[in-house]
A.B. asks: 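My structure is below; once you've seen it, I'll send some questions.
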Amino acid sequence: MRYWLMKSEPDEASIDHLAQAPQHTLPWTGVRNYQARNFMRDMMQVGDGVLFYHSSCPEPGIAGLAEVSSTAYPDPTQFDKKSTYYDAKSSQETPRWLLVDVVFKKKIPLIPLAALREHEELKDMRVLARGNRLSITPVTEAEWRFITKRLV
DNA sequence: GCCAACGTTGGC
DNA sequence: GCCAACGTTGGC
């Protein structure tokens with residue numbers, strides 16, 4: 001059992017989109033970074049906790065709680081020529097990009113990025129590290145507990 | 001729109 | 001294998 005922070009641009013997939021999706025579930029399409037892919041492929045298990053983070057928007061921050069609900073499987077958008085996530089270098093036989101399904105748990109009052117930075121307990125969070133651009137980062141159990149018990 | 005930081009590409 | 005150039009992310 002692990003914990004993760006997963007970034008999504010709310011224009012594309014917000015916490016509300018997740019809540020309203022069929023089975024309250026969305027496939028986490030579009031990851032095109034090897035480190036993030038490897039987290040999904042090698043580390044994620046069904047039931048892992050997810051902090052759903054809104055990025056590249058007026059109010060970046062944690063917008064809800066979710067859960068990993070599948071193991072990794074090929075991201076279909078890499079094969080779709082019409083998709084912005086299409087990857088000509090990938091093939092059905094050896095898919096380059098994987099994803100997991102994520103299921104909605106709870107919408108929360110937004111915890112802004114600036115608020116996360118105020119807490120000593122969270123100072124080592126990967127997502128807060130200088131220059132971090134990874135769209136999926138591990139969250140420690142202590143960080144998860146602090147956020148879900150104290151900030152939600 | 002700016003720009004720091006980082007990942008990827010490709011020439012050598 | 002190095003590394004400069006380029007592209008992308010994402011907060012501000």
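Bear in mind that the values here come from a model prediction, so they are computed numbers and not experimental data. In what follows, every chain begins at residue 1, and chains take the letters A, B, ... in the order their sequences are listed.
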A.B. asks: Using 30° and 60° as the class boundaries, would you call the ring planes of A/Phe104 and A/His24 parallel, tilted or perpendicular?
C.D. replies: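 Correct class here is tilted.
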
A.B. asks: What do the steps show when you test A/Thr29 against A/Asp75 for side chain to side chain contact (heavy atoms under 4.5 Å, CB included), and what is the final call?
C.D. replies: CA-CA 6 Å; A/Thr29 54; A/Asp75 179 345; 3.7 Å; yes

A.B. asks: Specify the separation, in whole Å, of atom CG of A/Leu110 and atom C1' of C/dG11.
C.D. replies: 14 Å

A.B. asks: C/dG11 phosphate, OP1 or OP2: any side-chain N/O from A/Tyr53 under 4.0 angstrom?
C.D. replies: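 Checking C/dG11 against A/Tyr53, a side-chain N or O does come within under 4.0 Å of OP1 or OP2.
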
A.B. asks: Under a plain distance cut-off of 3.5 Å, with no hydrogens placed, do A/Asp48 and A/Trp4 share a side-chain donor-acceptor pair?
C.D. replies: yes

A.B. asks: Between C/dG7, B/dA4, B/dT8, which nucleotide gets closest to the side-chain atoms of A/Arg133?
C.D. replies: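 Nucleotide nearest to A/Arg133's side chain: C/dG7.
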
A.B. asks: Does a side chain donor of either A/Thr77 or A/Arg32 reach within less than 3.5 Å of an acceptor in the other side chain?
C.D. replies: yes

A.B. asks: Would you mind reading off the distance between A/Asn33 atom CG and B/dT8 atom P, rounded to a whole angstrom?
C.D. replies: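 For the pair A/Asn33 CG and B/dT8 P, the rounded distance is 6 Å.
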
A.B. asks: Output the rounded distance in Å from CG (A/Leu5) to P (C/dG11).
C.D. replies: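 Distance, rounded to whole Å: 11 Å.
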
A.B. asks: What is the distance, to the nearest angstrom, from the CH2 atom on A/Trp97 to the C1' atom on B/dT8?
C.D. replies: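 My rounded result for the distance is 10 Å.
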
A.B. asks: Nearest whole angstrom, please: distance from the C1' of C/dG10 to the CD1 of A/Ile136.
C.D. replies: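 Result: 16 Å.
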
A.B. asks: Give one of base, sugar-phosphate or nothing for A/Gln35, where a contact means two heavy atoms less than 4.0 Å apart.
C.D. replies: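 Sugar-phosphate contact only - A/Gln35 comes under 4.0 Å of backbone atoms but never of a base.
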
A.B. asks: Please tell me which of the listed nucleotides, B/dT9, B/dA5, B/dG7, lies nearest to the side chain of A/Arg130?
C.D. replies: B/dA5

A.B. asks: For the pair made of CZ in A/Arg37 and P in B/dG7, what is the distance, rounded to whole Å?
C.D. replies: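 So the two atoms are 15 Å apart, to the nearest Å.
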
A.B. asks: Does A/Lys7 place a side-chain N or O at less than 4.0 Å from the phosphate oxygens OP1/OP2 of C/dG10?
C.D. replies: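 Yes, such a contact exists.
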
A.B. asks: Write down the distance between NZ (A/Lys89) and C1' (B/dG7), rounded to a whole number of angstrom.
C.D. replies: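 Checked: the NZ to C1' distance equals 13 Å.
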
A.B. asks: For A/Leu128 and C/dT9, what is the distance between atoms CG and P respectively, to the nearest whole Å?
C.D. replies: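 So the CG-P distance, A/Leu128 to C/dT9, works out to 20 Å.
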
